[in-house]
Every structure is written in C-alpha cells, then in structure tokens.
K.L.:
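Dumping the structure here so I can ask a few things about it.
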Amino acid sequence: MTANRESKAELQKSSEAFVETSTTDTQITVKPANEASWEDLDAVLGSSRCHGGKCYCQRFKIPASKWRDVEDDERAFMLRAESNCGQPESSTTSGLVAYLDDQPVGWCAVEPRTAYPTLRKSRVSWDGRNEDKNDQSVWAITCFAVRKGYRRRGITYALTRAAVDFARKQGARAIEGYPMLTVPGEEIPWGELHVGSRNAFVAAAFREVTRPTTRRVVMRLDFE
C-alpha cells in the first residue's frame, strides 16, 4: 500500500475526525483499522459470509482462479497483515472500523486502487473509461461489512464519509467506489450490497462516472 507517511500523532488526529451521527441519534465512531484490535475486526468480518465463505475482504486481492484454494484462516491472516491492526503507530492500513456504543459494528475497505489486483480485470471498474490503472493517487472503496443486527442505522453512510476524509489526509488525488443501485421497497441480499449503495456515495458528494451494468455504477470524488 502506497500512502503519504504520517506520524503517529497525525494519524490519531485524523481518526478523531471520523465521528458521524446516525438517524437514531446514536454516535457512530470510525477509526483506522490499525488502531483497532484484531478481535474487533474479526467480530465484524468473521461473522460475515460472502463469496462462498468468510471473505475477510480478500475478494479484490486474490485472483478468481485461486479463490477456492485459499482457506478462511489464510484470508484472515492476510487481512491481519494488511490492516496492521493493533499497531496504532503504523502509517498504513487497509480499512476503517465503525463503532456504535463502543461495539465494533462495521468495516470499510479503502486503499489506493492499485492495492486491488482483481479490479484491473473488472468490467465494472473500467468499462467506458480511459483511466491509468497504475495511478496510485486514486483510492478506492471496495467493500463494506456491517454486523447483523446493526444494519439500516446509517453505518455505511458514516463509513463512506470517513473513507473520504481518510483518503484525502493520506494524500489521495481522488477516490472512487463501485456501488449498487437500490430501489425503494426492493430488498437486496446483504451479500450483494458489500460494494455499498449508490445513495451512500451520493450523500458523501461522489458523482456518477459510468453505469457499466443495469445494477452497478462507478462513483468518484476528485479532491483537486
């Protein structure tokens, strides 16, 4: 992961800004995953099943041809190393953790776009675009996870806004995501919504760039 180096004090100052209020008037706090414990990450991602198993947010990093060859425990090990969880002095991490009443309830993966190898071959990411796939200054929000029992409380909205602040402070030139279109009254299985909803990105001031499929959009926010 490539990012501007920051001191421990600067990272802590950044994390203090990641506080949002949900529609239930309950405070949601978001902080970089390196400032969270592994137990907190596992409480969110260890209970989340997608892509036929416990993903541990590796779907955009492990090639599709090798996905079934990697065990759940190995995916967990990869996330633990990438996130640098439990290491608040680290200048890099791979995501953010949301807390509600001091309970870890949500996760958002956000890194430079180049950190996600499978995005290079994704139709959703590139169809109709002329982008430099090696541009490390463009960051991406690729995945959300919210614990069962805590959904529909504005947690993905808080995570999206926090991801914008985090990427900007880490030196990103732009940030993008690849969410789904949702229709009022239409239920979508949570496993399909791991990329987030378009509404959450709109609320964080992203603009729609392309609509590569009938259900997916590319949303982007430029900082320059």
Side-chain angles (χ1 to χ4, degrees), residues 1-7 10-11 13-15 17-18 20 30-36 41 45 55-62 78-79 81-85 90-98 106-127 129-145 155-180 194-210 212 216-224:
M1 171 179 172
T2 302
N4 288 349
R5 293 288 177 181
E6 292 184 302
S7 67
E10 289 172 326
L11 278 171
K13 183 178 179 181
S14 296
S15 69
F18 301 155
E20 303 292 346
V30 182
K31 63 184 180 182
N34 65 294
E35 296 181 15
L41 266 68
L45 292 164
C55 179
Y56 283 105
C57 220
Q58 299 303 311
R59 190 66 173 127
F60 290 99
K61 298 195 172 188
I62 299 173
M78 293 171 68
L79 174 67
E82 294 159 1
S83 66
N84 289 315
C85 58
S90 176
S91 61
T92 61
T93 191
S94 61
L96 306 171
V97 182
W107 157 268
C108 169
V110 55
E111 290 185 86
R113 192 173 56 189
T114 52
Y116 304 105
T118 64
L119 283 183
R120 299 181 68 89
K121 299 179 180 179
S122 169
R123 174 196 167 192
V124 169
S125 304
W126 308 108
D127 198 21
R129 305 175 71 195
N130 185 21
E131 283 274 325
D132 178 5
K133 296 181 179 181
N134 297 313
D135 188 347
Q136 297 181 354
S137 69
V138 178
W139 282 46
I141 300 172
T142 58
C143 189
F144 295 89
I155 292 170
T156 59
Y157 283 72
L159 283 164
T160 304
R161 290 190 291 267
V164 169
D165 290 342
F166 184 70
R168 182 189 288 115
K169 289 171 182 175
Q170 292 291 310
R173 178 175 61 83
I175 185 170
E176 59 185 40
Y178 320 97
M180 288 191 67
H194 70 279
V195 292
S197 71
R198 181 182 183 277
N199 293 341
F201 283 82
V202 169
F206 284 71
R207 62 182 176 85
E208 184 175 320
V209 177
T210 60
R216 297 285 296 281
V217 294
V218 175
M219 304 292 290
R220 181 171 171 123
L221 177 59
D222 290 279
F223 298 137
E224 297 179 349

K.L.:
Quick one: does Phe206's side chain get under 4.5 Å of Thr160's, heavy atoms only?
P.N.:
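Heavy-atom side-chain distance check passes, below 4.5 Å.
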
K.L.:
Give me the one residue out of Lys133, Glu176, Gln136 that meets side-chain contact (heavy atoms from CB on, under 4.5 Å) with Arg113.
P.N.:
Glu176

K.L.:
Verify whether one side chain among Asn34 and Ser90 offers a donor that lies under 3.5 Å from an acceptor in the other.
P.N.:
no

K.L.:
With rounding to the nearest 0.5 angstrom, report the NZ to CG distance, Lys61 to Leu79.
P.N.:
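CG of Leu79 is found 8.0 Å from NZ of Lys61.
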
K.L.:
Compare all side-chain heavy atoms of Pro179 with those of Ser197 and state whether any distance is below 4.5 angstrom.
P.N.:
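No - every pair of side-chain heavy atoms lies 4.5 Å or more apart.
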
K.L.:
Does any part of the side chain of Val202, heavy atoms only, come nearer than 4.5 Å to the side chain of Met219, both counted from C-beta?
P.N.:
yes

K.L.:
With rounding to the nearest 0.5 Å, note down the distance linking CG in Leu119 to OG in Ser125.
P.N.:
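If I round to the nearest 0.5 Å, the distance is 4.0 Å.
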
K.L.:
Run the side-chain contact (heavy atoms from CB on, under 4.5 Å) check on Val138 and Arg220 step by step: do they pass?
P.N.:
CA-CA 10 Å; Val138 178; Arg220 181 171 171 123; 4.0 Å; yes

K.L.:
So which atom in Pro212 and which in Arg123 form the shortest heavy-atom distance, rounded to 0.1 Å?
P.N.:
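Scanning both residues completely, I find the closest heavy atoms to be O-NH2, 2.7 Å.
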
K.L.:
Flag the pair Val164 / Phe223 as yes when at least one side-chain heavy-atom distance between them is below 4.5 Å, and no otherwise.
P.N.:
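Of all side-chain heavy-atom pairs linking Phe223 with Val164, at least one is under 4.5 Å.
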
K.L.:
Just wondering, do Cys55 and Leu45 contact through their side chains at under 4.5 Å, heavy atoms?
P.N.:
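Leu45 vs Cys55: side chains apart.
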
K.L.:
In the structure I gave you, are the side-chain heavy atoms of Arg59 and His194 within less than 4.5 Å of one another anywhere?
P.N.:
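The answer is no, as the side chains (C-beta and beyond) never meet within the 4.5 Å cut-off.
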
K.L.:
Would you say Thr92 and Asn84 are linked by a side-chain donor-acceptor pair, where the criterion is simply a distance under 3.5 Å?
P.N.:
yes

K.L.:
Report the C-alpha distance between Arg120 and Asn134 in whole Å, list the side-chain angles of each, state the deciding distance to 0.1 Å, and finish with yes or no for side-chain contact (heavy atoms from CB on, under 4.5 Å).
P.N.:
CA-CA 9 Å; Arg120 299 181 68 89; Asn134 297 313; 2.9 Å; yes

K.L.:
Apply side-chain contact (heavy atoms from CB on, under 4.5 Å) to residues Trp126 and Thr210 and explain how you reach the verdict.
P.N.:
CA-CA 9 Å; Trp126 308 108; Thr210 60; over 6 Å; no

K.L.:
Which label fits Trp139 and Phe166: parallel for a plane angle under 30°, tilted from 30 to 60°, or perpendicular past 60°?
P.N.:
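Perpendicular.
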
K.L.:
Taking the side chain as everything from C-beta on, heavy atoms only, tell me whether Tyr116 gets closer than 4.5 Å to Glu111.
P.N.:
yes

